[in-house]
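All chains are named by letter (A, B, ...) in the order of the sequence lines, taking the proteins before the strands, and each is independently numbered beginning at 1. The structure presented is a predicted model; accordingly, all values stated were derived computationally and were not measured.
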Amino acid sequence: MQSAHRVENNWALSYAIELANKADLPVVVYFGLTEEFPEANYRHYWFMLEGLQEVYSELSSMNIKFVVKVGSPTENLVALSKKASLIIVDRGYLKANKSWYKIAAENISVPLIQVEDNVIVPVEEASQKEEYAAATLRPKLLAKLNYFLDLPAHVTPIKSSIYLEIDSIDIKDFQKTLSHIKTDKTVNRSRYFAGGTSQAKKALETFFQRGIEEYEETGNTPENNVASNLSPYLHFGQISPTFAALKILRSKYSEKHRFLEQLIVRRELSINFVYYNVNYDSFLGLPDWAKKTLSEHAQDTRAYNYSLEQLENGQTHDKYWNAAQREMVKTGKMNGYMRMYWGKKIIEWTQSPHDAFNWAIYLNNKYELDGRDPNGYTGVAWCFGKHDRPWTKRAIFGNVRFMNDKGLERKFDMTKYVDRVNALT
DNA sequence: ATCGGCTCGCGCAA
DNA sequence: TGCGCGAAGCCGAT
């Protein structure tokens, strides 16, 4: 259980239990708590461990042993596999995830099955290539949606594994666990979002009861803040995207397109991007027209040239940008619309578009609870032209879409947004 | 307040 | 080969 940290609606786990029951063998769930995950810090670990603690409780109640080891996820898995008759793994799409599963597959001698359950339509089923835009992926996803919108039946193991003697760290005491992990502790945990499947479901319920009608009407505006807040949970696999999609599809609400577009089309487009484009985390992954036009304007004079430190501290002349940065640093989650504006301004205020790209990724990955996620890489890349079309040529941006504060003021009550962010503690 | 133009590439139709 | 169209826009003309 490396990428889908949940017990319910987990195809890999259900399949493992089903096969174990047929073979009259016990099931053990393993998670490798790695220090190697790029850019993971205290904030991310805390949120993740809150989720894993719930996993532990749920598994215990099903008499399933949950083995957590600090160290290389693959080395420990390979060692464990020597006592197993079959290994079932889940799936992730970033370079680090891909390499775990690849190394595992190469070193495990018992049969190994990978089950994809953090997407609705499996990435290669949806498309065999990197898609140019949402418009090209959307019909492909929609064509297979009906088939894949399905959840596993609830199954329980016949044989208990709870008393098997396998070393594991004590996941309940995760403060102690965290003290053993080499990680950046300067990024504190979020006071606004707590991890775990129960919290994810609570967020979804709150959204349905208090926000979705407004969300469907106006979108998640900076001042109203009516997001589902599912992205941190989806990032760690603490909630199944299929579960969330079915929940809304079967709900009483008549308007549901905007949310489904986000949850399914945009999210799985981002997975398509990181899966098929090895340069998803750099300027080089952008479309040719965008790289060309940004490079042509790399010498253009910038009215402001902020250092990474000034950006990180929210010390620019732009109160809306500073507010967005502060919202991210304080809560671990920036408003969705502001993420676009935020990225666009980093391009505008940074001499080199390569630096701008890297800095945006660095800040996103450091502070967002859903950082280091396909959505984060794709969101930043979008600001640089990915999955978008060219627009009127202008300084610095060339043909890449431009956004300014006038646009924010035209559309939103920005004073309200700034006030809300300033009230965050 | 509203509208057209900007500009590239995909994918369908012919 | 032609043509319509595309996540969130901007700007100048009317």
Looking at C:dA8, C:dC11, B:dT7, which one has an atom nearest to any side-chain atom of A:Phe402? C:dC11
For A:Arg191, does the CZ atom sit with more than 12 other heavy atoms under 6.0 Å from it, leaving out its own atoms? no
A:Arg394 vs C:dC11: side-chain N/O to OP1/OP2 distance below 4.0 Å: yes
Whole Å only: how far is the CG atom of A:Leu269 from the C1' atom of C:dG6? 13 Å
A:Arg389 vs A:Tyr337, nearer the 5' end of DNA chain C by closest nucleotide: A:Arg389
Could you give the CG-to-P distance, from A:Asn220 to C:dA7, as a whole number of Å? 19 Å
Within 45 degrees of the axis of the six-membered ring of A:Tyr304 and under 6.0 Å from its centre: does A:Lys345 put its NZ or CZ there? no
Which is true for A:Lys344 with a 4.0 Å heavy-atom rule: it touches a base, it touches only sugar-phosphate, or it touches nothing? nothing
Do A:Gln175 and A:Trp46 touch side chain to side chain, with heavy atoms closer than 4.5 Å? yes
A:Lys345 NZ to C:dC10 P, in whole Å, measures 9 Å
Of the listed nucleotides B:dC10, C:dC11, C:dG9, the one nearest the side chain of A:Met403: C:dG9
Atom CD1 of A:Ile396 and atom P of C:dC10 are separated, to the nearest Å, by 15 Å
When the distance from NZ of A:Lys406 to C1' of C:dG12 is rounded to whole Å, what number comes out? 15 Å
Verify the contact: side-chain N or O of A:Lys292 to OP1 or OP2 of B:dT7, cut-off strictly under 4.0 Å; return yes or no. no
What I want to check is whether an N or O donor and acceptor connect the side chain of A:Gln262 with the base of C:dA7 at under 3.5 Å. yes
Check every atom of C:dA8, B:dG11, B:dT7 against the side chain of A:Lys140 and return the nucleotide holding the closest atom. B:dG11
A:Lys386 NZ to C:dA8 P, straight-line distance once rounded to whole Å: 16 Å
Parallel, tilted or perpendicular: which fits the ring planes of A:Trp349 and A:Tyr306, with parallel below 30° and perpendicular above 60°? perpendicular
Distance check, P atoms only: B:dG9 and C:dC10, in whole angstrom units. 23 Å
Decide yes or no, distance alone: a donor-acceptor N/O pair under 3.5 angstrom between the base of C:dA7 and the side-chain of A:Arg266. yes
Rounded to whole Å, please give me the gap between CG in A:Asn404 and C1' in C:dA8. 14 Å
Of the candidate nucleotides B:dT7, C:dA7, C:dG9, which contains the atom at the shortest distance from the side chain of A:Trp391? C:dG9
Please check if any side-chain donor atom of A:Tyr101 sits under 3.5 Å from a side-chain acceptor atom of A:Asp90, or the reverse. yes
So, does A:Arg138 get its side chain near the phosphate of C:dA7, meaning an N or O under 4.0 Å from OP1 or OP2? yes
For C:dC10, does either OP1 or OP2 sit under 4.0 Å from a side-chain N or O belonging to A:Lys411? yes
With respect to the side chain of A:Tyr132, which nucleotide from B:dC6, B:dC8, C:dA8 is positioned closest? B:dC8
Nearest whole angstrom, please: distance from the P of B:dC8 to the CD of A:Glu296. 10 Å
Inter-nucleotide C1' distance (C:dC5, B:dG4), Å rounded: 16 Å
Distance, P atom - from C:dC3 to B:dG5, rounded to whole angstrom: 16 Å
Taking a pair to mean Watson-Crick or G-U wobble geometry with both distances below 3.5 Å, B:dT7 pairs with none
So which nucleotide from B:dG9, B:dC10, B:dT7 ends up closest to the side chain of A:Lys393? B:dT7
From the options B:dG11, B:dG5, C:dA8, select the nucleotide whose nearest atom is closest to the side chain of A:Thr136. B:dG11
Reckon A:Ala135 touches a base, only the sugar-phosphate, or nothing at all at heavy-atom distances under 4.0 Å? sugar-phosphate
Should the pair A:Phe412 and A:Tyr337 be assigned to parallel (<30°), tilted (30 to 60°) or perpendicular (>60°) ring geometry? perpendicular
Provide the distance between the two P atoms, one in C:dA7 and one in B:dC12, to the nearest whole Å. 15 Å
Pairing nucleotide - C:dA8, Watson-Crick or G-U, each distance under 3.5 Å: none
Using 30° and 60° as the class boundaries, would you call the ring planes of A:Phe402 and A:Phe397 parallel, tilted or perpendicular? perpendicular
